[in-house]
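Encoded as structure tokens, the structure appears first; notes follow it.
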Amino acid sequence: MERTRIAVAGASGLIGSALVRSLTADGHEVVRLVRHAPRSEAEVRWDPERGRVDAAGLAGCSAVVNLAGAGVGDHRWTDAYKRRIHDSRVHGTAALAKAVASLDERPRVFVNGSAMGYYGETGEQVVDESAPAGRGFLPELCVQWEAAAEPARAAGVRTAFTRTGLVVARGGGAWGRLFPLFLAGLGGRMGDGRQYWSYIALHDEVAAIRHLLDRDDLSGPFNLTAPDPLTNREITAAMGRVLRRPTVFAVPAPVLRRVLGEMAREVLGSARVVPKRLLESGFTFAFPGIEDALRAA
């Protein structure tokens, strides 16, 4: 990819900050979307919940990447927090897509975040991008989230969606909480451990996003997950091997439901999601196996 100007929303998050580091290391000019008054030409003001963005600040960008959204696992899912999760993604995406469509010289690509939560509970069934949306809060959210990008696509901007799995990283996300527990010897399976967890190393997540930015022939949904999802029991065992810690402290399902509320469905639910379209496009994973991903983290 030639050096160019790229706008990133959610640049301070786990994936966004890693993406920005990767882009700037290769000489790209990164414009960050921020909520405060811009302090330089490298910042653009926006308010995702209210659906506002300074479209003029996106002028000259060849690509826009939207990874913004309130953390799904940051708080218990009260009605108020579920509204925040929804508004930060759907309203923010709609605002960015409309801003992109309004430009005289539009970016050539809009990469918009999504999640493997699109598919909901899949049990032992392997699902790829052709599978329909599931039922429940997260699947319905993902459907609306992706639909909000329609103005950009309708304006002729190549639009791709990243249906991301559980990102293996020490600095945040689900594994940011798991690593300290396992390092302390308090790790263990969750529920019966038979539910599938579809994961991806942070390095591969960033590489896949850049793959979507670079390839002019790629659009639509892409599962950003490692090729071989594993059960929670298998991942727990791998954590024990890599970190050299015992993994005997299983957390019963009723306890998770009591502590996490509605969000426990996502921890106990099974999502056996594979990256069919990503692999077909020629993408190569650097850390395809769970032990590789854990060591990389």
Side-chain angles (χ1 to χ4, degrees), residues 6-20 30-38 43-55 57-58 61 63-102 110-120 133-134 136-153 159-167 169 171-174 176-177 202 205-206 209 221 224 260-263 265-267:
I6 300 172
V8 179
S12 63
L14 172 66
I15 300 170
S17 59
L19 175 64
V20 168
V30 176
V31 177
R32 296 168 173 82
L33 275 75
V34 297
R35 297 169 183 267
H36 57 257
E43 294 183 343
V44 174
R45 183 77 174 268
W46 85 319
D47 186 339
E49 281 83 3
R50 291 181 173 82
R52 299 171 185 169
V53 60
D54 178 10
L58 302 178
C61 290
V64 175
V65 181
N66 179 24
L67 302 171
V72 170
D74 289 355
H75 297 276
R76 191 180 181 89
W77 284 3
T78 62
D79 289 342
Y81 194 68
K82 285 166 70 175
R83 282 195 300 273
R84 184 180 171 194
I85 292 172
H86 173 277
D87 293 352
S88 64
R89 286 167 171 75
V90 177
H91 294 178
T93 296
L96 268 178
K98 290 174 184 176
V100 163
S102 73
F110 181 34
V111 175
N112 197 70
S114 186
M116 69 173 184
Y118 179 94
Y119 306 104
F137 172 66
L138 281 185
E140 291 167 10
L141 169 66
C142 289
V143 169
Q144 295 176 50
W145 192 1
E146 294 182 12
E150 177 59 20
R153 192 203 64 79
T159 302
F161 303 100
T162 57
R163 293 178 180 169
T164 296
L166 297 169
V167 179
R177 293 175 173 81
L202 179 58
E205 173 76 12
V206 170
I209 293 172
L224 269 56
L260 299 178
E262 185 179 351
M263 191 172 64
R265 293 181 188 175
E266 308 309 317
V267 175

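- To the nearest 0.5 angstrom, Thr162 atom OG1 is 8.5 Å from Glu146 atom CD.
- Trp77 places a side-chain N or O within 3.5 Å of a backbone atom of Val72 that can act as its donor or acceptor partner.
- Here Tyr118 contributes atom OH and Trp145 contributes atom CH2; the two are 13.0 Å apart, rounded to the nearest 0.5 Å.
- For Arg32, there are no side-chain hydrogen bond (donor to acceptor under 3.5 Å, both in side chains) partners two or more places apart in sequence or in a different chain.
- Val143 approaches Ala133 most closely through the heavy-atom pair CG2-CB, 3.6 Å.
- When side chains are defined from C-beta on, Leu19 does not count as touching Val30, because their heavy atoms never get closer than 4.5 Å.
- A distance of 9.5 Å separates CE in Met116 from OG1 in Thr164, rounded to the nearest 0.5 Å.
- Leu33 is listed as a side-chain neighbour of Leu58, based on a closest heavy-atom distance under 4.5 Å.
- Under the 3.5 Å distance criterion, the side-chain polar atoms of Asn112 are left unmatched by any main-chain donor or acceptor of Ser114.
- Minimum interatomic distance between Gly71 and Tyr81 (heavy atoms only, all atoms of both residues): O-OH, 2.6 Å.
- Across Cys142 and Gly117, no two heavy atoms sit closer than the pair SG-C, 4.0 Å.
- Residue pairs meeting the salt bridge (Lys or Arg N to Asp or Glu O under 4.0 Å) criterion with at least one member in residues 85-102: none, sequence neighbours excluded.
- Pairing each heavy atom of Ala9 with each of Asn66, the nearest pair is CB-OD1, 3.5 Å.
- From His91, atom NE2 reaches atom NE2 of His86 across 5.5 Å, with rounding to the nearest 0.5 Å.
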Chi angles and distances behind the side-chain contact (heavy atoms from CB on, under 4.5 Å) call for Val167, Leu224
CA-CA 9 Å; Val167 179; Leu224 269 56; over 6 Å; no
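- In summary, of the residues considered (Val8, Val65, Ile6), a side chain to side chain contact (heavy atoms under 4.5 Å, CB included) with Val20 occurs for Val8 alone.
- Between the side chain of Thr93 and the main chain of Val90, no donor-acceptor pair closer than 3.5 Å is present.
- Judged as a side-chain hydrogen bond (donor to acceptor under 3.5 Å, both in side chains), and not counting sequence neighbours, Arg45 has no contacts.
- Residues Val53 and Ala95 share a closest heavy-atom pair of CG1-O, 3.4 Å.
- Across every non-hydrogen atom of Gly113 and Leu67, the tightest pair is CA-CD2, 4.5 Å.
- A donor-acceptor contact shorter than 3.5 Å links the side chain of Ser88 to the backbone of Ala70.
- Of the charged side-chain nitrogens involved, at least one lies within less than 4.0 Å of a carboxylate oxygen, so that Glu49 and Arg35 count as a salt-bridged pair.
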